[in-house]
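I have placed the structure first, in the form of structure tokens, so that the comments after it can refer back to it.
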Number of protein chains: 2
Amino acid sequence: MPKRITLKEVAARASVSYQTVSKVISQKVHVSEATEQRIWDAVRELNYTPSYTARSLRSHRSMTIGYSWRPSPPDQTNPILDEFLQSMFRAAENHGYYLLCFPYHDELQKQLAIYRELINTGRVDAFVISTLNYNEPCVSYLVEHKFPFVGFGHLDDPDSFPYIDVDGALGLQMAVEHLLDLGHRRIAALAWPSDSRVGNNRMDGYFLALDKAGIKARPEWVERGEGTFDVGFTSTLKLLAIADGLRPTAIVAMNDLMAFGAMTAIQQSGLRPGKDIGVIGFDDSPTARYMDPPLTSIRQPISTIGKNLMERLIGYLDTGTYPDPRCELVAPELVIRESTIGKKTSQPIHGKEDADRR
Amino acid sequence: MPKRITLKEVAARASVSYQTVSKVISQKVHVSEATEQRIWDAVRELNYTPSYTARSLRSHRSMTIGYSWRPSPPDQTNPILDEFLQSMFRAAENHGYYLLCFPYHDELQKQLAIYRELINTGRVDAFVISTLNYNEPCVSYLVEHKFPFVGFGHLDDPDSFPYIDVDGALGLQMAVEHLLDLGHRRIAALAWPSDSRVGNNRMDGYFLALDKAGIKARPEWVERGEGTFDVGFTSTLKLLAIADGLRPTAIVAMNDLMAFGAMTAIQQSGLRPGKDIGVIGFDDSPTARYMDPPLTSIRQPISTIGKNLMERLIGYLDTGTYPDPRCELVAPELVIRESTIGKKTSQPIHGKEDADRR
DNA sequence: ATTCTGTATGCGAACGTTCGCATAAAGTCC
DNA sequence: GGACTTTATGCGAACGTTCGCATACAGAAT
């Protein structure tokens with residue numbers, strides 16, 4: 001309601017044409033020192049802010065990037081969502097962009113319809129896509145319509161679109177090598193179903209590390225399931241029931257939740273995680289450090305990924321070509337805690353950290 | 001790049017003026033059955049989508065709602081973020097609105113500057129605000145400029161802006177009454193510092209419940225701190241050191257993280273949470289159910305809150321007045337698990353739930 | 001003096017809508 | 001059958017920018 005200040009009013013005050021003001025503000029033209037000064041003074045005095053809508057109507061740029069993600073099921077938290085979003089927001093803000101977030105629909109047609117609407121109405125200039133299954137129709141849609149986007153995660157064809165992904169294979173390799181260093185020789189894996197691309201990629205690292213150590217991976221060491229606490233729990237009971245001499249002494253899980261299940265199963269079997277059986281998770285969710293014992297886990301450098309994704313995407317929008325590298329695989333980090341190396345002190349000290357007050 | 005279809009082309013095809021097409025599409029006028037049909041056919045055939053930008057330039061509505069929240073510290077997850085966002089997205093979508101999310105800056109001036117920019121550029125029509133401290137400058141700014149917003153959470157003055165909040169006092173009252181029902185008489189609280197509005201509100205319920213049961217709350221039963229795991233841990237050790245006969249037999253914590261710390265402390269003291277000492281958390285974060293023993297906690301109906309907030313806000317934007325009730329306090333729910341009632345079965349069954357695969 | 005180059009600014013049009021008012025045609029009334 | 005309401009559609013203007021081209025005026029070169 002506070003009447004909008006427009007270019008014309010600024011122009012009047014600076015005694016130039018409003019078009020000149022526009023050009024000076026968007027640095028499109030060189031004017032004399034004196035007028036430039038007058039214009040900026042007028043802008044300041046009137047507290048002028050260009051109208052976003054008028055601007056983007058004319059320039060066909062919305063300065064907005066769309067993002068949608070699959071919500072996690074009610075019994076789980078997405079451990080990286082907050083960090084990922086915030087890192088993207090910040091990077092976008094630095095370049096004058098904002099993020100438009102929109103709901104995720106399992107129903108494919110509905111989801112596609114939103115993408116289409118956002119594109120057709122001109123609300124967004126590009127997307128970030130993170131929910132990448134083997135066969136992601138939204139991706140095909142965007143590729144087909146040559147609409148810009150970057151992926152957090154990738155599919156098989158490395159050239160089809162620009163992405164950043166965590167090197168899951170490397171992560172598992174590091175995890176297994178850490179266990180080998182500790183003397184473990186029989187290492188089991190709590191894996192995802194074999195149709196999971198991300199899961200298979202991670203398992204490659206598991207097999208590679210064992211192979212390099214001259215250890216033959218035994219099929220009974222690999223348990224597969226949906227990545228829940230219960231799968232971790234029951235799979236671990238099965239692993240512990242394997243005959244002596246073949247029974248694993250350590251377990252790597254494809255996510256923390258299965259690792260939590262594994263630790264519970266180990267404890268209920270009268271064994272101690274970290275002393276009798278080593279356990280490693282994946283994601284380093286914040287609760288991992290509060291487990292008993294604290295869980296060794298593989299951490300993804302989320303903030304860096306979010307920032308880089310955004311900068312690469314905006315780089316493309318602003319210049320027309322993707323900055324190198326177009327695609328990138330970043331190394332995760334192994335966060336070592338007591339679930340693999342055992343207890344060090346008797347008092348758990350987790351550092352002084354902020355509260356979660358709203 | 002695929003050339004934009006405009007009103008004029010639709011109009012040409014339907015042999016009417018383009019203004020008529022506009023009016024028919026936005027249901028602003030009544031036309032004959034025949035032309036209406038022709039227009040919609042043309043729209044369909046040409047696959048016309050109105051330009052969002054042109055529309056909002058003319059109508060001064062961006063159909064966009066801004067939201068920013070304080071990121072949680074790296075060692076914690078915001079247990080409700082995903083659910084809250086998704087519920088708002090969905091409600092907004094149903095009314096043609098989208099959410100613009102933007103970064104949170106601790107530095108006040110920077111944060112205010114973003115709000116100002118979003119308002120002045122006309123990028124958003126309203127805000128949702130959830131980070132409500134006693135003295136929130138962004139709120140004052142919005143109130144002062146009469147810019148629409150709703151709060152998740154409220155401040156002292158109930159009339160200053162529309163909000164929905166969880167009745168924290170009721171939550172604690174329910175928790176304490178649950179413990180009383182189980183026979184506990186000496187109940188301690190892990191509280192937030194006394195300058196926390198939300199914290200004080202919750203504690204009111206604690207005192208009220210004890211009072212109603214004719215129990216005098218003892219000051220040594222209330223431990224205050226920043227809501228971290230460590231605060232929960234060390235505070236609990238202090239509580240357990242209280243002389244026999246006064247030592248609490250149950251503990252309610254203002255958040256789950258402190259409750260986790262409490263359970264660890266209890267265990268390390270050789271006691272069993274849920275059998276020797278009852279423990280209750282607040283938030284019902286997804287990990288609560290995976291603790292050993294699973295944690296009884298107070299759950300906030302986040303999806304409902306997100307949906308209602310959004311609908312109320314959009315109701316205001318579309319009609320000019322807030323639907324009743326302008327402000328609302330919703331009841332939380334006590335989720336009872338073994339940390340208060342003890343173990344029931346030996347096998348933990350947590351239900352079949354989806355994986356967290358990306 | 002005349003033309004030439006260059007810099008500083010102005011002008012008109014366009015982006016794709018919405019909105020109020022004007023107008024034409026058809027129907028109602030006495 | 002003319003005046004009067006009603007219904008269906010058209011028209012012009014406006015929203016606040018950006019952008020290409022035109023133009024004015026200086027000073028340098030011919």
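Heavy-atom basis, side chains included; hydrogens, waters and symmetry copies ignored. Numbers restart at 1 for each chain; the letters A, B, ... are given by sequence-line order, proteins then strands. None of the values given here were measured: they were computed from a predicted structure.
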Separation of A:Asn120 atom CG from C:dG16 atom C1', in whole Å?
-> 15 Å
Selected nucleotide, minimal atom distance to B:Arg55 side chain, candidates C:dT18, D:dT9, D:dG16 | C:dT18
Which part of the nucleic acid, if any, lies within contact of A:Ser56, taking any heavy atom under 4.0 Å across all strands shown: a base, the sugar-phosphate backbone alone, or nothing?
-> nothing
Whole angstrom value for the distance that separates C1' of C:dG10 from CG of A:Leu7 | 14 Å
Between A:Ala54 and A:Ser15, name the one whose nearest nucleotide on DNA chain C is closer to the 5' end.
-> A:Ser15
Between B:Cys138 and B:Gln111, the two heavy atoms sitting closest are SG-CG, 3.8 Å
Answer yes or no: does a side-chain N or O of A:Thr6 lie under 4.0 Å from OP1 or OP2 of D:dG16?
-> no
Closest nucleotide among D:dG16, D:dT9, C:dG10 to the A:Lys23 side chain | C:dG10
Determine, step by step, whether B:Ile80 and B:Asn78 satisfy the side chain to side chain contact (heavy atoms under 4.5 Å, CB included) criterion, reporting the C-alpha distance in whole Å, the side-chain angles of both residues, the deciding distance to 0.1 Å, and the verdict.
-> CA-CA 6 Å; B:Ile80 60 173; B:Asn78 185 332; 3.2 Å; yes
Look at the side-chain N and O atoms of A:Ser32 and state whether any lies under 4.0 Å from the OP1 or OP2 oxygen of C:dT9.
-> yes
Calculate the interatomic distance between B:Glu36 atom CD and D:dA8 atom P; express it in whole Å.
-> 10 Å
Under 4.0 Å: is that the gap between some side-chain N or O of B:Lys28 and OP1 or OP2 of C:dC19?
-> yes
With sugar-phosphate meaning primed atoms plus P, OP1 and OP2, does A:Tyr48 contact a base, only sugar-phosphate, or nothing at under 4.0 Å between heavy atoms?
-> sugar-phosphate
If an axis is fit to five pairs at each end of the helix from C:dA1-D:dT30 to C:dC30-D:dG1, what is the angle between the two, to the nearest 10°?
-> 60°
Nearest-Å distance, CG (B:Leu57) to C1' (C:dA14)?
-> 12 Å
Between C1' of C:dG12 and CD of A:Gln19, the distance in whole Å | 8 Å
Tell me whether the OP1 or OP2 atom of D:dT17 has a side-chain N or O from A:Thr53 closer than 4.0 Å.
-> no
Which pair of non-hydrogen atoms, one from A:Arg123 and one from B:Gly96, has the smallest distance, and what is that distance?
-> NH1-O, 4.2 Å
Nearest to the side chain of B:Arg4 - C:dT18, D:dT17, C:dT17?
-> C:dT17
When rounded to whole Å, the NE2 to P distance for the pair B:His60 and D:dT17 reads 11 Å
Closer than 4.0 Å, any side-chain N/O of B:Ser22 to the OP1 or OP2 of C:dT18?
-> yes
Give the minimum heavy-atom separation between A:Arg61 and A:Leu317, together with the two atoms involved.
-> NH2-O, 3.5 Å
Considering all heavy atoms, the nearest B:Thr20-B:Ser17 contact = OG1-OG, 2.9 Å
Under 4.0 Å: is that the gap between some side-chain N or O of B:Ser17 and OP1 or OP2 of D:dG10?
-> yes
Output yes when at least one side-chain N/O atom of A:Tyr18 is less than 4.0 Å from OP1 or OP2 of D:dC19, else no.
-> no
Could you check whether B:Ser51 gets within reach of a base, just the sugar-phosphate, or nothing at all, counting any heavy atom under 4.0 Å?
-> sugar-phosphate
Which listed nucleotide (D:dG10, C:dT17, D:dC21) is nearest to the side chain of B:Arg58?
-> C:dT17
In terms of the angle between their ring planes, are A:Phe147 and A:Phe127 parallel, tilted or perpendicular, with boundaries placed at 30° and 60°?
-> tilted
Whole angstrom is fine here: how far is it from CD in B:Glu9 over to C1' in C:dT17?
-> 14 Å
Which word best sums up how the rings of A:Phe152 and A:Phe84 line up, parallel for under 30°, tilted for 30 to 60°, or perpendicular for over 60°?
-> tilted
Closest to the 5' end of DNA chain D, once B:Ser59 and B:Arg38 are matched to their nearest nucleotides, is B:Arg38
Between B:Ile39 (CD1) and D:dT9 (P), how many Å, whole number?
-> 8 Å
Assign the ring pair A:His154 / A:Tyr163 to parallel, tilted or perpendicular, where the plane angle (0 to 90°) is split at 30° and 60°.
-> parallel
Short question: side chain of A:Gln86, backbone of B:Trp69 - any donor-acceptor pair under 3.5 Å?
-> yes
